[in-house]
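Okay, structure first, notes after.
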Amino acid sequence: RFEMPGPEAGEARLNVVTSSWKPVRIDSRLPTPSPAWDLGVAAGEHVIEYVDGAGTLTSKTVSIAAGESKTITLK
């Protein structure tokens, strides 16, 4: 019998989908496979690094409030 790990702790929930389906890095943490669902993050601003559709390493800053769940689609 196997159990899936629970969601990461955090004040807010973040879902990240990239068009390249390559891993993303949030706030310089270890890479996370994309799509990434139900990631626990602290409220505030976060920098998401990803490879865009042209193959270029790009970053986007996202703001999220406590208790919020946000889905980010990156192209």
Side-chain angles (χ1 to χ4, degrees):
R1 177 177 157 185
F2 296 95
E3 292 184 21
M4 295 295 291
E8 296 179 28
E11 301 168 328
R13 312 313 289 171
L14 186 61
N15 305 308
V16 182
V17 181
T18 63
S19 61
S20 65
W21 297 93
K22 295 195 177 180
V24 297
R25 287 171 47 112
I26 301 171
D27 298 330
S28 299
R29 291 192 271 178
L30 292 174
T32 301
S34 172
W37 302 108
D38 204 31
L39 300 173
V41 295
E45 286 193 346
H46 299 279
V47 177
I48 302 172
E49 296 174 71
Y50 65 101
V51 175
D52 64 17
T56 306
L57 182 62
T58 307
S59 66
K60 178 174 179 80
T61 302
V62 200
S63 294
I64 191 164
E68 184 178 11
S69 178
K70 186 177 270 192
T71 300
I72 306 297
T73 303
L74 303 168
K75 297 179 181 184

Interatomic spacing from CG in Asn15 to OG in Ser69 - rounded to 0.5 Å | 5.0 Å

Note: Ser28 and Glu49 closest approach over all heavy atoms is OG-OE2, 3.9 Å

Hey, does Thr32 have a side-chain heavy atom less than 4.5 Å from the side chain of Arg25?
-> no

Leu57, CG atom: more than 12 neighbouring heavy atoms under 6.0 Å | yes

Quick one: which residue pairs count as a salt bridge (Lys or Arg N to Asp or Glu O under 4.0 Å) with a foot in residues 52-62, not counting sequence neighbours?
-> none

From Leu14 CG over to Thr71 OG1, what is the distance, rounded to the nearest 0.5 angstrom?
-> 8.0 Å

Test side chain to side chain contact (heavy atoms under 4.5 Å, CB included) on Val41 and Arg29 and set out the steps.
-> CA-CA 12 Å; Val41 295; Arg29 291 192 271 178; 3.7 Å; yes

Identify whether Val24 and Val51 are in the same connected component of the hydrophobic contact network (ILVMFWY, side-chain heavy atoms under 4.5 Å).
-> no

Are Ile26 and Val47 close enough that some pair of their side-chain heavy atoms sits under 4.5 Å apart?
-> no

Write down the atom of Ala65, the atom of Ala43, and the distance for their closest heavy-atom approach.
-> C-CB, 3.9 Å

Look up atom OH in Tyr50 and atom OG in Ser34, then write down how far apart they are to the nearest 0.5 Å.
-> 11.0 Å

Does the Thr58 side chain pair with the main chain of Thr56, one donor and one acceptor, at a distance under 3.5 Å?
-> yes

So which of Ile72, Val16, Thr61, Ile64 actually passes side-chain contact (heavy atoms from CB on, under 4.5 Å) with His46?
-> Ile64

Straight-line distance of Ser63 OG to Glu68 CD, nearest 0.5 Å | 9.0 Å

Residue pair Pro35 / Trp21: nearest heavy atoms and the distance that separates them = CD-CZ3, 2.9 Å

If you group Ile, Leu, Val, Met, Phe, Trp and Tyr by side-chain heavy-atom gaps below 4.5 Å, do Val17 and Leu39 land in one group?
-> no

